[in-house]
Amino acid sequence: LQAQFQPQCLAGQRVLVTAGPTFEAIDPVRGISNHSSGKMGFAIARAAREAGAEVRLVAGPVHLPTPLGVRRTDVQSALQMQAAVQAELDWASVFVAAAAVADWRPAHSAEQKIKKDGSGQPPSLQFVENPDILAEAAASARARAGQLFCVGFAAESHDLQAQAEAKRRRKGVPLLVGNIGPATFGRDDNALLLLDAQGCKALPAGPKLHLARALVAEIAQRLGPA
Ligand code: CTP
Ligand code: CA
């Protein structure tokens, strides 16, 4: 059954969204990051606001305007995103993790620019794993008590359905959204696969804002009364 977008289907809900990449500094002039335009997360924030929710958006480094009526916090690194999310988790009734969080950060970020030393040898960098912001939220007391509905995304290069379902279970989230097709980064169009305990269903391809509205309707259907 295709969920219809009802204008105020999230009235009374408090929706927290992460969007965009994170940037992990190696030194003051360089770092590592992920490909992510932030467009899908920003579209979800906008659609949730249009649906009557209060919306807070935690955004990595992106070049996008803040959707009308949405409170935005800008961050750079995964640790900053984690802190910004944790500060809002007691407030939120829905958490949508659309950010492409860098899985690793340099173990040490140099205070001064690392210079070539003339030997021709590259510096050896060590990495540590970043915290899993979504899994932490899904394991929180409020999520386990049914007061915080967590939605994850999965970017997979192959075998999307099986990988995404495994990810959904591993993260302990009731709803996971898979990106169909490899070439959606930065584009306005996308196609999504929804996975929950009941099974999976595809949302037809379309502009990210249309998909965001369909996703918002799907989330609303799964929530109890606000
Ligand atoms: N996520 C997160 N914090 C992280 C990594 C991922 O909150 N440190 C969230 C993403 O925002 C997304 C979901 O977890 O909603 C899945 O992200 P993904 O990168 O696909 O999964 P990983 O668990 O990082 O696994 P892998 O990249 O190895 O497939
Ligand atoms: Ca990852």
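Numbering of ligands and ligand atoms starts at 1, following listing order. Predicted model, so just to flag it, every value in this text is computed and none were measured.
Residues L215 and L175 are in side-chain contact: their nearest non-hydrogen atoms beyond the backbone lie under 4.5 Å apart. The closest side-chain heavy-atom distance from K113 to R30 is below 4.5 Å.
Within ligand 1, the atoms closer than 4.0 Å to a non-hydrogen atom of G152 are 15 (O), numbered from 1 in the order shown. Shown in contact with A154 at under 4.0 Å from a heavy atom are these atoms of ligand 1, numbered in order with element: 20 (O).
With hydrogens and angles disregarded, a donor-acceptor distance shorter than 3.5 Å links the side chain of E24 to the backbone of A78.
For the residues A164, A78, P131, the heavy atom positioned nearest atom 8 (N) of ligand 1 is part of P131.
With respect to atom 7 (O) of ligand 1, the closest heavy atom belonging to the protein is L134 N, 2.9 Å. For atom 16 (C) of ligand 1, the closest non-hydrogen atom of the protein is F153 O, 2.8 Å. Distance from atom 15 (O) of ligand 1 to its nearest protein heavy atom, with residue and atom name: A97 O, 2.6 Å. Closest to atom 23 (O) of ligand 1 among all protein heavy atoms lies K171 NZ, 2.7 Å.
Within a 6.0 Å sphere centred on CZ of R169, other residues, nucleotides and ligands contribute 12 heavy atoms or fewer. Within a 6.0 Å radius of CH2 in W104, other residues, nucleotides and ligands contribute 12 heavy atoms or fewer. Atom CD of E88 sits in a crowded spot, with more than 12 heavy atoms from other residues, nucleotides or ligands closer than 6.0 Å.
Contact record, R49 with A53: NH1-O, 2.9 Å, taken as the closest heavy-atom pair.
The shortest N or O to N or O distance between K167 and ligand 1 is below 3.5 Å. For the pair V101 and ligand 1, the shortest N or O to N or O distance does not fall below 3.5 Å. Looking at A99 next to ligand 1, an N or O pair under 3.5 Å apart turns up. At under 3.5 Å, a nitrogen or oxygen of D103, whether backbone or side chain, sits near a nitrogen or oxygen of ligand 1. Considering backbone and side-chain N/O atoms, N130 never comes within less than 3.5 Å of an N/O atom of ligand 1. Ligand 1 has a nitrogen or oxygen under 3.5 angstrom from a nitrogen or oxygen of I133.
Residue A155 touches ligand 1 through its backbone alone, judged by heavy-atom distances below 4.0 Å. Heavy atoms of Q163 found under 4.0 angstrom from ligand 1: none, in either backbone or side chain.
Residues L89 and V96 do not share a hydrophobic cluster, clusters being chains of Ile/Leu/Val/Met/Phe/Trp/Tyr side chains in contact below 4.5 Å. In the hydrophobic cluster analysis, where Ile, Leu, Val, Met, Phe, Trp and Tyr join through side-chain heavy atoms closer than 4.5 angstrom, L10 is grouped together with M40.
The shell of residues lying under 4.0 angstrom from ligand 1, judged by heavy atoms, excludes T18.
Among the candidates L125, D103, I26, T22, the single residue satisfying the side-chain contact (heavy atoms from CB on, under 4.5 Å) test with I32 is I26.
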